[in-house]
Amino acid sequence: MNGMLTVFRNAWVDTQLRKKILYTLFILVLFRLGSCIFVPFLNNAAITQMISGASLLNYLDVMTGGALGNGTLLAMSITPYINASIIIQLLTVAIPPLERMQKEGEAGQKKLNMITKFTSLGIAIFQATSFYFMLRNAKDSDGNSLNILKYSGNDFSSILSAITIIACLVAGASVIIWLGDRINEKGIGNGISMILFAGIVARLPDSIVGLVRTCQADNSKIPFVALIAVVFVAMIWFVVFMTNAERRIPVQYAKRVVGRKMYGGQSTHIPIKVAMSGVMPIIFAMSLMSLPQTILSFFRITGDGTSGHDFWEGVARFFSHTSPWYAIIYFFLIIAFNYFYVAISYNPIEIANNLKKNNGAIPGYRPGKPTSDFIYNSLNKITLIGAIFLGIIAIFPIIFQQFTGIQVSLGGTTMLIVVGVALETVRSLESQIMMRHHPGFLD
């Protein structure tokens, strides 16, 4: 903590970095103001009631900084962009033109970013439409309609209100991407992650107030709330530890003589992060798990048994956030996506070839295939540990709610995002400070 405060203090002293920090804070303030602009033709109090009764929606509300539960302009938050980024990154492995584009350097990266933005626009339209039908079909615990939409028939007013609601939600998702780009260009960087961080932190006071009200309503919940505080602190330590944990593979470079000078001979290492994929497998698994309920909501099937379609009602209940099968499938999907994400971003054969070209070798292993096999086996072991870590972090709130009956908004996934973004921001500021104060060639 002291090191983090020292980095921010040193960055604040630097004039240029101070301007970047202030600009980033200004953009985050605009983001929070956008989360207060209500979408027209919606009953916001009824949306809050619907969100409070669904664990998955409550979690998504935390991710959006409360914008989803209040029915505001930025209700979609950055989820369309994150899903689009994951999809495009996966497609670069399967589609050769995208793979070539990825290897073209900065120009290719700009093209990929543009493709990602258009893809996120399509996903935003799909999610906004799904959210509209979810609001249209929302019911309370007694099976009565919540009447969230002010116009819900088939007349012209209803169609116009539907177009307006969907357009506002899609526009809000586009605005968030634009705000993230501004932070990347003129701020301290890592724009989308900073916006996600700001949204989660903004929900922290509401979560604390909710726990206090739970204790006031039921005194028997006080020990569990105290347990949440202890687990909360322990989870921060655990996430920081696992985020910084890495396996270091030693590398020895051979000495070589070029002219009258000798090069090489130094020892270094290849760092393999335990949680190198970050929160991406969790977000992608969550999007996939929520897809069946999203599709069923188009047909007014919510799992409450009121639609008359017993089979599809059972499917909706199977994929409900409170179902034990949901937690099991969710856990294994995270492990699978973690392996897949690491496989497409970390190539042992390429690393072995680069070591061979630079006269480097891992002690005890011959260059070429033995080296790539060793890296591959080491990567598999580390990936398994990281995947289990992500799975436990993701399903912890579900298990805790099943045993205690207390809904935890700020669970392990949000903690992983907050800690990860904080550490990444500190590293970014440290690198910028070093670049500005490193002695130049002519100094």
Side-chain angles (χ1 to χ4, degrees), residues 1-14 17-18 20-25 27-28 31 62-63 65 77-78 81-82 85-86 89 180 183-184 187-204 207 231-248 269-284 334 337-338 341-342 345-346 382-383 385-394 396-397 410-437:
M1 180 63 71
N2 291 333
M4 185 179 295
L5 294 177
T6 302
V7 170
F8 279 105
R9 185 172 62 249
N10 294 336
W12 187 260
V13 172
D14 188 284
L17 287 180
R18 183 166 65 246
K20 288 186 175 183
I21 293 174
L22 290 175
Y23 184 83
T24 301
L25 293 176
I27 294 296
L28 295 180
F31 162 68
V62 174
M63 299 286 283
S77 189
I78 64 169
Y81 183 81
I82 291 178
S85 300
I86 296 173
Q89 194 166 6
I183 294 178
N184 291 334
I188 60 178
N190 213 12
I192 294 296
S193 298
M194 290 295 296
I195 289 176
L196 183 59
F197 175 88
I200 294 174
V201 172
R203 285 286 292 171
L204 184 59
S207 300
V231 172
F232 185 79
V233 175
M235 192 176 293
I236 292 177
W237 177 87
F238 182 55
V239 170
V240 171
F241 176 78
M242 294 298 291
T243 302
N244 291 327
E246 62 184 20
R247 162 81 157 91
R248 296 182 177 181
H269 64 270
I270 301 174
I272 301 179
K273 288 281 188 182
V274 174
M276 69 173 69
S277 57
V279 77
M280 288 300 183
I282 296 178
I283 294 176
F284 202 66
I334 290 171
F337 281 126
N338 187 71
Y341 191 87
V342 171
S345 59
Y346 213 96
I382 295 300
T383 303
I385 297 174
I388 294 175
F389 158 69
L390 291 177
I392 293 173
I393 284 292
F396 170 76
L410 290 175
T413 306
T414 53
M415 191 59 58
L416 181 64
I417 295 172
V418 170
V419 172
V421 173
L423 293 175
E424 185 64 30
T425 303
V426 171
R427 294 192 197 102
S428 176
L429 289 175
E430 281 182 333
S431 63
Q432 293 186 52
I433 291 172
M434 290 181 64
M435 287 176 61
R436 293 183 178 279
H437 296 282

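In this text, all values refer to a predicted model and were calculated from it rather than measured experimentally.
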Please name all residues satisfying ring-ring contact (aromatic ring centres under 6.0 Å, His included) with [X], sequence neighbours left out, ordered by chain then number.
| X | value |
| --- | --- |
| F337 | F284 |
| F238 | F389 |
| Y23 | none |

What distance do [X] atom [atom1] and [Y] atom [atom2] have between them, rounded to the nearest 0.5 Å?
| X | Y | atom1 | atom2 | result |
| --- | --- | --- | --- | --- |
| S77 | I200 | OG | CD1 | 8.5 Å |
| I195 | I183 | CD1 | CD1 | 4.5 Å |
| R427 | T425 | CZ | OG1 | 9.5 Å |
| L25 | I188 | CG | CD1 | 7.5 Å |
| T24 | L17 | OG1 | CG | 10.0 Å |
| T243 | L423 | OG1 | CG | 6.0 Å |

Taking side chain as C-beta onward, heavy atoms only, is [X] less than 4.5 Å from [Y]?
| X | Y | answer |
| --- | --- | --- |
| D14 | I433 | no |
| L196 | I192 | no |
| L22 | W12 | yes |
| F197 | N190 | no |

Would you name the heavy atoms of [X] and [Y] that are closest together and state the gap between them?
| X | Y | answer |
| --- | --- | --- |
| R247 | I382 | CB-CD1, 3.6 Å |
| P281 | L390 | CG-CD1, 4.1 Å |
| M276 | Y346 | SD-CD1, 4.0 Å |
| P271 | E246 | CB-OE1, 3.6 Å |
| N184 | G191 | OD1-N, 2.7 Å |

According to side-chain contact (heavy atoms from CB on, under 4.5 Å), who are the partners of [X], at least two apart in sequence or on a separate chain?
| X | answer |
| --- | --- |
| T383 | N338, Y339, V342, L379 |
| A198 | L28, F31 |
| S85 | Y81, T116 |

Just by distance, do the side chain of S428 and the backbone of E424 share a donor-acceptor pair under 3.5 Å?
no
side-chain contact (heavy atoms from CB on, under 4.5 Å) for M235 and I393? Distances and angles first, verdict last.
CA-CA 9 Å; M235 192 176 293; I393 284 292; 4.2 Å; yes
